[in-house]
Every structure is written in C-alpha cells, then in structure tokens.
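The structure under discussion appears below in the form of structure tokens.
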There are 2 protein chains.
Amino acid sequence: MPKESSTQERRHDILDSVQRSGRVFVADLSQSFGVSEVTIRSDLQMLADQGLVVRTHGGAIPAGRLSPELSLALRRQQQPLAKDHIGAAGAELIEDGDAVYLDTSSTALAIARHLTHHRYVTVVTNSIAIVNELTDCPNVHVVVPGGRLRRETASLIGADGLDYIRQLNIQKGFFGAHGVTPAEGLTDVSVEEAEVKRVLVGLCRQVVAVLDATKWGRVGVASFATLEQIDVIITDQDAPAELVAQAQAAGVAVHLV
Amino acid sequence: MPKESSTQERRHDILDSVQRSGRVFVADLSQSFGVSEVTIRSDLQMLADQGLVVRTHGGAIPAGRLSPELSLALRRQQQPLAKDHIGAAGAELIEDGDAVYLDTSSTALAIARHLTHHRYVTVVTNSIAIVNELTDCPNVHVVVPGGRLRRETASLIGADGLDYIRQLNIQKGFFGAHGVTPAEGLTDVSVEEAEVKRVLVGLCRQVVAVLDATKWGRVGVASFATLEQIDVIITDQDAPAELVAQAQAAGVAVHLV
DNA sequence: GAAAGAAAACGAAAGTAATCGAAAGCAGCA
DNA sequence: TGCTGCTTTCGATTACTTTCGTTTTCTTTC
C-alpha cells in the first residue's frame, strides 16, 4: 500500500479494501496508509456519507453486507424518541382533507404512525413500510406512484411514478435527508433518489424537512433542495443552534420539538 | 463463525441463523460468536424490539414466519394445499430471466412463495402482499406499477400504472379470477379491476390462469379474457372434467396438479 | 394436578477498555 | 493570505465483561 498518496487515491484504495476483504479496521488502515486514525475515520465518514460503506465500531463493512430487514431496523432504531417527536409534530401540520407526500425515510414513517386520528387525508408515498403501517388506518387514503423495489429501504425507486404524481395536487411534502447544511441544503446518499426528490420538491406547495439533530452539518453526495426551497424544518432540541440560526436567516421556519 | 466481527455483523448473522434454523439458543450463539451470553441476549433483545425475532426462554424463533416445527395443520390454515400446488406449478413455468406479471390474487401469492430458487426473474405486480413476500428474495427483481391502496386485498388498484407496464416486455402473465366458464371466459367481481386485467392480458405474451376447482363454472360481473386468449390453465384435480374438456377443446393447455 | 425445590435463564448495574468525533493548531501550497 | 489536509488532545460514547438478585422452567414427590 503506497504512502504519500493523495486524499482521493487513499479513499479509493480504502473503499477497494473494504470491498475486497469485507471488513476493515481503522487501526490497520492507519498503519497501512501511514496516516492518523482520525484521518482514516474522516475518510470512512466520507465514504459512508456517499452510501458506499457502513461504519462499524472500530472499522467499516461494505454497504449491502447487512440484510435489508436489518438495515431498515438499524435505521429505525436510531434516535427513536427524536423521530417520534418529530413524527408527531409533522402529523400536527397535516390537516383533515390534505394530500401529502411522505418520502421513504424512517422519520416519514414516524409521521405515518401518528395519522390514526386524521380524517380524509391522502398520503402519497413509495415507502412499502409506510403502506404496511397505514394498512390499519382506513381513514387514510394511500396512493403509491410505483417503481422498482429497493429492499434496503423497503421502498420503490425510480422516476416512472412522477407522471402519476404530477396529476395530483399535493399540499405538503415531507422529506427526510441524509444531511442538511446552509451551503448544500438537503442532501441524499443516492444520486438517483436525489434527482426524483428534486422534482418532488418542485411539485409540493409546501416543503417540510424532517430531520433529527444528527443530520445537521452532514453532507450526502447529492443535493435535492436548497434552504430557500424549504418552508419548514422540524427537528429536535439537540440541533446545533448556529446552523438552525442560519436556516432561519434563509427564511426557513424551524420547529424545535 | 469468525471472531472480531462488529456488532452489526453479529446481529445480521444471528438473524440469518434464526431464519435458517428456525430456532436458536443463547448458549450456542455465545459459544459460536465468542461473546458472553449477556451480549447475545442484548442482540436478541434488539432484534425482538424491531420485530425481527420472537424471544423464547433460552433463545429465539423467527418473527412473522412459521417455524418448521409448527404443525402441518397450521400451514394448511395459512394457505390451502390446492393453492400451494398450483403456485408451485406456476413457478415451474417461470424460467430464469423471465419477466412475469403476478396479479393480486392469493394464488399469485402462492406462486411468489415458490420463487426462492429462481434467478434473474423480474416480477411485475401491484400486490403489496407479494412485495412483502419477495423482500426476502434478492434474486427476484420487483417492479410495482402503482395505484391506490385497497386494504382488503393488500394491493394497488387503478389504471395509472398501465403506461408503466406498456414499456415492459412481459413474457408471462399469471391471473387469478373469480370464475371461469366457456361462455364468459375469466371473470372478476370488480368491473374496474376487470378492465385493467383486460388490458394486461393483451400485453402479456403468454397468459396463464391459476384457478382452484371452486372457480370453474362460477361467473363474476365482468369478463376480462376469453378462453381463446388463455394459453394455460393451472388447476387442481377436483376441477370438473366436462368444463376442463371444453377449455381444452378451445385450445387451452390445462395442467392438473 | 398441585406443591416444592432445583436448575436454567434473565436483566440490571457497575466497571473497563476501546473507539469516536469535535476542536484547535500546524504545515504546505496556490 | 487563505485553504486544504493532517496532526494531537480529550471528553464522550460504545461494546463488552462480571456479578447478582429475580424470574421462569423443569423435575420430583405426593
């Protein structure tokens, strides 16, 4: 393993190593590349933000190593209280008679769980997890635009359903994201899904981002909404005050829950 | 089982083991993974919290799945044997590489359950039950054309996804029906769904009807395929011989299973 | 079948070691 | 001069252990 390579080369080599060996350790990579463990952790964080690896304690594994059910379960398990609070607050923004779009994030699923007392609401979603959740809610009308099954997120992906959605009048769209920063706005780890979300943001009358504190300051590989395009951000109390202030300065109504 | 795996990998492997063997024991897992029983119990607790396993005394069993030890009678309640046989026969008509349409009938679901050993198969379906079933089959590519949720059948209805389907080359379409007679052909109880099925029959290169004996001679309100449009009927041994003969006279290959 | 005792399993708590990530500072380069 | 990439430092977090009181299950006896 060569030393004195560029940052980009090192990250490429690290990714290659993760994929070849199936598991890497921070300590080993630090020794191999002749850089500090903090630098390796920074590299792995970048690769994780692009959805290429999954960070583990002491190292990383290839994205896709874990089964779809477990990947989904791990995502749902993160910040459960924050997501529930954000979900409840998101549901409170939904009025009887509304047509809303819920994306495939686990925070949008938390919103769906709080719709049991709403009436005449239409939910448009490509999340199979949300469809399953709303099967027991006869008061909610569910529309699924369609696409190809992506097991890791129990959702349907692709742009084919956009024509369907364009025919609908969607009052509010609720979007999770991999990260949010003032410069990059809302970002995702999948370029393809970011492209679809970008169109959806344009189709919704009101855009609501639902993010827990861990998402602030983090950047995924593709942006899908600038701060100016966001009407509301619902987040929890741990959200960093400085970034919240910058979002508010850009005109976003930030709800801390 | 290698040591030095991460927590996520261990839990993935534990979940896999639960699903493969149908039952696991804390003591065995502790020995296999080289960690304490408390750690294994913590792992199982997390998997149980997420609804992936059910904790038992001393171990765990799969969640939402029949354990191999459960009685055959309970399996029968789960799905009648005739449908399972028809489903198995339907799956045998599906070749690796095929793109097939499965409708939202419970017999089509039986087909989906027999696809675990197929490769490179694309399933096009609006049945949420089938999507859920195929979540565990990474070898099967799933496409969902989309529509409005119909809770009674865990499926999506409506003609909106037809444009999507028209772009696809579907070798075989598998259709359940409310009834089949020589005069009316295949019939359904929903005029709306019959209209969609009629279009779908026209889009599939080969049309396969999957019907148990109770469907012969029965008539729903709307027809969606004449006998001449049907290539194969898969049915069980109790199908009435005279109606079977008439179908055969009309050029249908009837498979009795 | 009920009761009693023993064994197995559980989960909470506390402790330890490893790992993490934020922050600050420095060097090199355009 | 400002930016990038790297370092060190250090408080926080994670993952695992052992211990021990509690609970559940099994076995034996009546």
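Not measured: the values here are computed from a predicted model. In what follows, chains carry the letters A, B, and so on, assigned in the order in which the sequence lines appear, proteins first and then strands, with residues in each chain numbered from 1.
Rounded to a whole Å, the CD atom of B:Glu9 is 13 Å from the P atom of D:dA15. In this entry the distance linking CD of B:Gln8 with P of D:dA15 reads 7 Å, nearest Å. Taking atom CZ of B:Phe33 as the reference point, atom C1' of D:dA15 lies 16 Å away to the nearest angstrom. To the nearest angstrom, P of C:dA22 lies 14 Å from CG of A:Asp238. Going from atom CZ of B:Phe25 over to atom C1' of C:dA8 covers 13 Å, rounded to whole Å. The CZ-P distance, from A:Arg41 to C:dT19, rounds to 9 Å in whole Å. Rounded to whole angstrom, the span from the CZ atom of A:Arg218 across to the P atom of C:dA22 amounts to 11 Å. Atom NE2 of B:His57 is separated from atom P of D:dT27 by 12 Å (rounded to the nearest Å).
Side-chain contact between A:Asp236 and A:His85 is absent, with no heavy-atom pair separated by less than 4.5 Å. Using a 4.5 Å cut-off on side-chain heavy atoms (C-beta onward), A:Leu156 and A:Arg150 make no contact.
Across all strands shown, A:Ser30 has no heavy atoms under 4.0 Å from either base or sugar-phosphate atoms. Contacts of B:Thr7 with the nucleic acid, taken as non-hydrogen atoms under 4.0 Å apart, involve only primed sugar atoms and P, OP1 or OP2. Counting non-hydrogen atoms under 4.0 angstrom, A:Gly59 reaches the backbone sugars and phosphates but no base. At the heavy-atom level, A:Thr214 lies nowhere under 4.0 Å from the strands shown.
Proximity note for A:Val26 (side chain, C-beta onward) versus C:dG11, D:dT7, C:dC20: the nearest is C:dC20. The B:Val35 side chain lies nearest to D:dC16 when the options are D:dC16, D:dT24, C:dA18. The nucleotide whose nearest atom lies closest to any side-chain atom of A:Val38 is, among D:dT7, C:dC20, D:dT24, D:dT7. Listed nucleotides: D:dT25, C:dG11, D:dT7. Nearest to the side chain of A:Thr39: D:dT7. Picking from C:dG21, C:dC10, D:dT18 the nucleotide with the shortest atom distance to the side chain of A:Gln45 gives C:dG21.
Here B:Tyr164 and A:Tyr164 keep their ring centres 6.0 angstrom or further from each other.
When the side-chain nitrogen and oxygen atoms of B:Arg55 are compared with OP1 and OP2 of C:dC10, one or more of them lie within a distance under 4.0 Å. Taking 4.0 angstrom as the limit, A:Ser36 places a side-chain polar atom (N or O) nearer than this to OP1 or OP2 of D:dT7.
Of the residues A:Arg119, A:Arg205, A:Lys172, the one that meets the salt bridge (Lys or Arg N to Asp or Glu O under 4.0 Å) test with A:Asp98 is A:Lys172. Of the listed residues (A:Gln78, A:Lys83, A:Arg76), just one forms a side chain to side chain donor-acceptor pair (under 3.5 Å) with A:Ser106, and that residue is A:Lys83.
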